[in-house]
Amino acid sequence: MHLLVCGGTGCNASKSQEIAETLKSNLKDKGLENEVQVILTGCFGFCEKGPIVKIMPDNTFYTEVKPEDAADIVEEHVIKGRKVTRLLYTDPENKQHVADSKHMGFYKKQLRIALRNCGFIDPQNIEEYVGADGYTALAKCLGEMTPEQVINEIKLSGLRGRGGGGFPTGLKWEIAAKHEADQKYVVCNADEGDPGAFMDRSILEGDPHSVLEAMTINGYAIKATKGLIYIRAEYPLAINRLLTAIGQAREYGLLGKDILGSGFDFDIELRYGAGAFVCGEETALIHSMEGNRGEPTFKPPFPAESGYNNKPTNVNNVETYANIPIIINKGAEWFSKIGTEKSKGTKVFALAGQINNVGLIEVPMGITLREIIYEIGGGIKGGRDFKAAQTGGPSGGCLTTKHLDTPIDYDNLVAAGSMMGSGGMVVMDDTSCMVAIAKFYLEFTVEESCGKCTPCRVGNKRLYEILEKITKGNGTMEDLDTLRNLGRVIKDTALCGLGQTSPNPVISTIENFYDEYVEHIKDKKCRAGVCKSLMQYIIDPVQCVGCTACARNCPVNAIQGEKKMPHFIDKELCIKCGACIEKCKFNAISIQ
Amino acid sequence: MAKIKLSEDKINKIKEICSAFGNKPSEVINVLHKVQGEFGYLPAELQDLIAQEMKVSAAHVYGIVTFYSFFTMTPKGEHPISVCMGTACYVRGAEKVLDEFKRELKIGVGETTPDGKFSLNCLRCVGACGLAPVVLIGEKVYGRLTPDGVKDIINEYR
């Protein structure tokens, strides 16, 4: 019997490590430590209901487990074979307990390919990965396939880059293979900088060997002998698991000289990023690895021709790599049957925001937004109305109610004014102001712009300032034209992918929520109640009983009034913190 | 160039780190990671020394330190507070939580309290979006925070 405890970042923050320890000590007390294994795995995905403990082989899925529950799990489930019902997931529709994750709304429509091993194996143990068909794809490539056949298989599968742009992976490999050089490099881009996306981190933490195996296959295909993983220094857990995995792979002869007796040499090292969003762009990433400021350079030359140390370099992202071994094992034909015509396979999304089931999901391409939000996501928090879903992070745009039934793939997202991006999907309801969201992303871009090219450095700053002006209630209708024109100029003239996509959040919100912009400008109103400058707190003299609770809690003494008499707010002094509303028991205070 | 006024052991430690990376200009970022891990921050004097050791200009080192958000030239507080401003946290009210920290500690983002106890920073996505909004104090993660809860958390460390 195995007790799988989620060791992903979210569950870890909710004491999953302590849960695993307590389970172990409880098992030891009962003399069961040799029969029952406790394994800290990668992310199960269902972060909303974490920490998660899964019992194998009967597939019982316990949610929101606390260290105190460990005794019951051991006593009841392990020893007596009875499920601990209070820890089971409750279906929100029929209020029934669901024991097996297969029957949960959150998992029913998912198809886990890149995340196939996350939550199932111990990421720190190479034998568990091997037991899950690990390194068989590498053996197949080295033993039975020529490099050309490997590239061809990936091309036929239709796999496209999962880092954002969606460039065909097989084609990228083919170009890198064509350039002859004494030394070539394979680089894994693990610089996940998109605020609200954490899929790469989850794969590295939950299944590091799949990335190592895929990079080695990549090396064999393009005749490179060196692999580098560029990873954020802010991901200590992922770094540790990778270092452990690399050590194990070397020990087993799966990295290093003469891998599996094939005569092929390949080794992998880590390179640490230091927090710069632009380093997700491949030329910037390469400059950063060389020890410089991570500024992008003009393409061509593409890294496939002249990359790291001016040698041919192939850069792919973590999720792309995680797909490779299973494509080799199951074949391109199997993979290309999943998804839509031009986007094959699955995509991992970090589903977050105002949604019931926050978590990491993997869905086949072509699924609709409606299925993701209402079936997997369990609908909007508090039963409110769906307003928008933002994909592609600071480079993407918003999908609205009119896109709910559009099949999600690379091309449809671009047509809708957004993009796939690395896979952040933030769901918003009517409490989000779309002008403020656009401003939020622009603030990010302004901060992260490397400053090399003028359109991005200066243009985005101007976009931000205009948005700031609108949210303060000082905007004009001409500002909307300026935003659109300037946005177009930046898109056309910026040097790299970051700059070329940075106006997307603005353009897309103007496109889809034009009325909201106009309200901010003409009516000086923010319907979501987010833009502080446009809000006024008002006490209704009829409802107010003069209890003085608001006046006592106002941090700036802006509320005045006699006891048992209606109070009023001094608009000049009010800092709009909202403390009074929270304290009023009579619903007498409103925002207008 | 500014005169270096560092203690002997500090100088030796830094020289040791630089030579561990072969004093190669391409290893500057790795050296900075190590040195910041050792000393907590990277003031100008340290950068000067690193530049000398790594045989690059001080401007090159300074350019790298200021380019990457992970490197800092000001010392962090004893309990560094990082408010996650990733999109998921933002739409679940991270800004209000940040405002409350600012008000309670009377410092702005990127500042340290005069007693050196707390420093306040924003970061982008810690990957615990299920717990949004999230705040890190040191290594400890606090999830599903509301402005009301801020004071109690700070008091744990006061």
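Below, chain A is the first sequence line, B the second, and so on; all start at residue 1.
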Heavy-atom contact with chain B under 4.5 Å, split by part of [X]:
X: A:Phe444; result: both
X: A:Pro394; result: neither
X: A:Leu237; result: neither
X: A:Glu290; result: backbone
X: A:Glu582; result: side chain
X: A:Arg201; result: side chain
X: A:Lys532; result: side chain
X: A:Ala436; result: both
X: A:Asn292; result: both
X: A:Gln390; result: neither
X: A:Lys381; result: side chain

Checking heavy-atom separations under 4.5 Å from chain A, one finds in residues 63-74 of chain B B:Gly63, B:Ile64, B:Thr66, B:Phe67, B:Tyr68, B:Ser69, B:Phe70, B:Phe71
Does either side chain, that of A:Tyr235 or that of A:Thr9, offer a donor lying less than 3.5 Å from an acceptor on the other one?
no
Please assess A:Leu204 against A:Ile231 for the test side chain to side chain contact (heavy atoms under 4.5 Å, CB included), listing each intermediate value before the final yes or no.
CA-CA 10 Å; A:Leu204 293 172; A:Ile231 183 163; 3.8 Å; yes
Option among B:Tyr142, B:Tyr157, B:Phe101 that satisfies the side chain to side chain contact (heavy atoms under 4.5 Å, CB included) test with B:Ile81
B:Phe101
Run the salt bridge (charged side-chain N to carboxylate O under 4.0 Å, His left out) test on A:Asp430 and A:Arg384 for me, step by step, so that the C-alpha distance in whole Å, both residues' side-chain angles and the decisive distance to 0.1 Å come before the verdict.
CA-CA 8 Å; A:Asp430 53 2; A:Arg384 303 182 84 103; 2.9 Å; yes
Would you say that more than 12 heavy atoms from the other residues, nucleotides or ligands in this model lie under 6.0 Å from the NZ of A:Lys452, or not?
yes
Tell me whether the count of non-hydrogen atoms from other residues, nucleotides or ligands lying under 6.0 Å of OH in B:Tyr62 goes above 12.
no
Choice from A:Ala274, A:Gly291, A:Gly275, A:Gly10 maximising heavy atom contacts with chain B below 4.5 Å
A:Ala274
Best-contacting candidate, A:Cys47, A:Ser288, A:Cys11, against chain B by heavy atom pairs under 4.5 angstrom
A:Ser288
Output all residues satisfying side-chain hydrogen bond (donor to acceptor under 3.5 Å, both in side chains) with A:Asp194, sequence neighbours left out; order by chain, then residue number.
A:Ser422
